[in-house]
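Hydrogens, waters and symmetry mates are skipped; everything else that's a heavy atom, side chains included, is used.
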Amino acid sequence: MKLLKITLLTACMALFVIGTAWAGEKQKPLIKKQLDWFAKKEWLKGIKAVPDPCLDKEAFIRHYEKHPERWEAAFKFMRENDLTTCPLGKTVLSDDISVNVSEYTTREPGEEKLEAHRQYIDLQYVVVGKELQGIARLSETKEVTPFDEKKDVGFYKTPVINYHVAAPDRFLIYFPSDAHIPNIQYGEKATVRKVVFKIKVD
């Protein structure tokens, strides 16, 4: 019995070490080559708008490396279409990415509920006008509406929201770890035109 306990303990320790090593490998820090690639922004291929500084750079680099064709499709659409005049509504670009063009009037801030998604990443680009978009780490929020798997959305609250200006010179990207709230007026209420890409996570 004593020998069995020792054997089981040894096996558990081995599994722990293997698991720790695997987790460490998965979370290996980005290397200079990856950071330089991001900083050069050649992946934009001529698009003048740039990602907002709130971007989770590590999540973006890792996802781009895993699924470059999805990001290339989004940036190609941005580059080859006049986003200020293209038709409103949803366009499916592939099984893994779609784009929706909308126009609306921004609203006053109020009882703010942030949204978050699990299956899709949001790339939100305001091409006409300006609005504020709030962002917070999902881990620092409290769920107020249960997550709807079918609609891929849940709603959350937090006492601290960081606001960023969404405008034609920049776009914002939200990963599943980012709770966010768009459509808030920047100054006075205004009409904006926005393009939102839904990019599949897995």
Side-chain angles (χ1 to χ4, degrees), residues 30 32-107 115-135 151-153 163-187 189-202:
L30 297 175
K32 184 177 183 300
K33 182 179 179 181
Q34 292 169 303
L35 295 172
D36 288 345
W37 168 86
F38 176 82
K40 288 179 181 178
K41 294 187 172 55
E42 293 177 355
W43 40 272
L44 288 171
K45 296 182 180 178
I47 295 173
K48 293 182 179 179
V50 297
D52 187 87
C54 73
L55 172 66
D56 185 336
K57 188 189 304 182
E58 181 173 353
F60 174 76
I61 291 173
R62 295 192 189 284
H63 195 271
Y64 194 106
E65 289 178 339
K66 189 175 181 181
H67 301 291
E69 73 288 347
R70 300 178 189 178
W71 294 99
E72 288 167 5
F75 295 135
K76 180 180 180 181
F77 189 93
M78 292 171 66
R79 186 171 59 251
E80 296 183 356
N81 291 274
D82 183 352
L83 303 181
T84 64
T85 60
C86 62
L88 302 179
K90 181 179 178 179
T91 301
V92 176
L93 302 182
S94 73
D95 291 340
D96 303 314
I97 179 171
S98 65
V99 56
N100 187 64
V101 182
S102 62
E103 290 183 354
Y104 54 86
T105 301
T106 53
R107 61 182 179 81
E115 63 185 65
H117 316 292
R118 296 176 184 172
Q119 301 174 37
Y120 289 88
I121 300 161
D122 270 12
L123 187 162
Q124 301 202 14
Y125 181 29
V126 172
V127 298
V128 176
K130 292 182 179 180
E131 72 177 31
L132 290 178
Q133 294 189 7
I135 183 172
K151 295 181 178 179
D152 188 38
V153 67
Y163 287 92
H164 296 252
V165 179
D169 65 342
R170 66 185 59 201
F171 52 86
L172 293 97
I173 300 176
Y174 300 117
F175 289 87
S177 58
D178 300 316
H180 52 281
I181 179 169
N183 310 4
I184 305 297
Q185 67 189 59
Y186 178 74
K189 290 183 180 180
T191 299
V192 302
R193 167 178 273 247
K194 184 165 69 177
V195 178
V196 177
F197 293 89
K198 305 293 285 188
I199 301 168
K200 197 170 183 181
V201 173
D202 295 324

Side chains of [X] and [Y]: closer than 4.5 Å at any heavy-atom pair?
X    : Y    : answer
H180 : Q124 : yes
L44  : R79  : no
V192 : T106 : yes
L123 : W71  : yes
W37  : E42  : no
V101 : R193 : yes
F197 : I97  : yes

Q) Above 12 or not: heavy atoms from other molecules or residues under 6.0 Å from CG of D36? A)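 Yes, enclosed.
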Q. How about D202: does its CG atom have over 12 heavy atoms from other parts shown lying under 6.0 Å from it?
A. no
Taking atom types as modelled and ignoring hydrogens, do the side chains of [X] and [Y] form a donor-acceptor contact shorter than 3.5 angstrom?
X    : Y    : answer
Q119 : H117 : no
N81  : K76  : no
E58  : Q34  : no
D96  : S94  : no

Would you list the atom pairs, donor with acceptor, under 3.5 Å between side chains in residues 163-177 and any protein atom, with sequence neighbours excluded?
{"unit_1": "H164", "atom_1": "ND1", "unit_2": "D52", "atom_2": "OD2", "d": "2.8"}
{"unit_1": "R170", "atom_1": "NH1", "unit_2": "D52", "atom_2": "OD1", "d": "3.0"}
{"unit_1": "Y174", "atom_1": "OH", "unit_2": "Q133", "atom_2": "OE1", "d": "2.6"}

Q: Please find out if less than 6.0 Å separates the ring center of F60 from that of W43.
A: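 Yes - the distance between ring centres of F60 and W43 falls below the 6.0 Å cut-off.
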Q. Checking K41 against F38: charged group under 6.0 Å from the ring centre and within 45 degrees of the axis?
A.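 The answer is yes; both the distance and angle limits are met.
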Q) Backbone N or O of I184 within a donor-acceptor pair of the E131 side chain at under 3.5 Å? A)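 No, E131 side chain to I184 backbone: no donor-acceptor pair under 3.5 Å.
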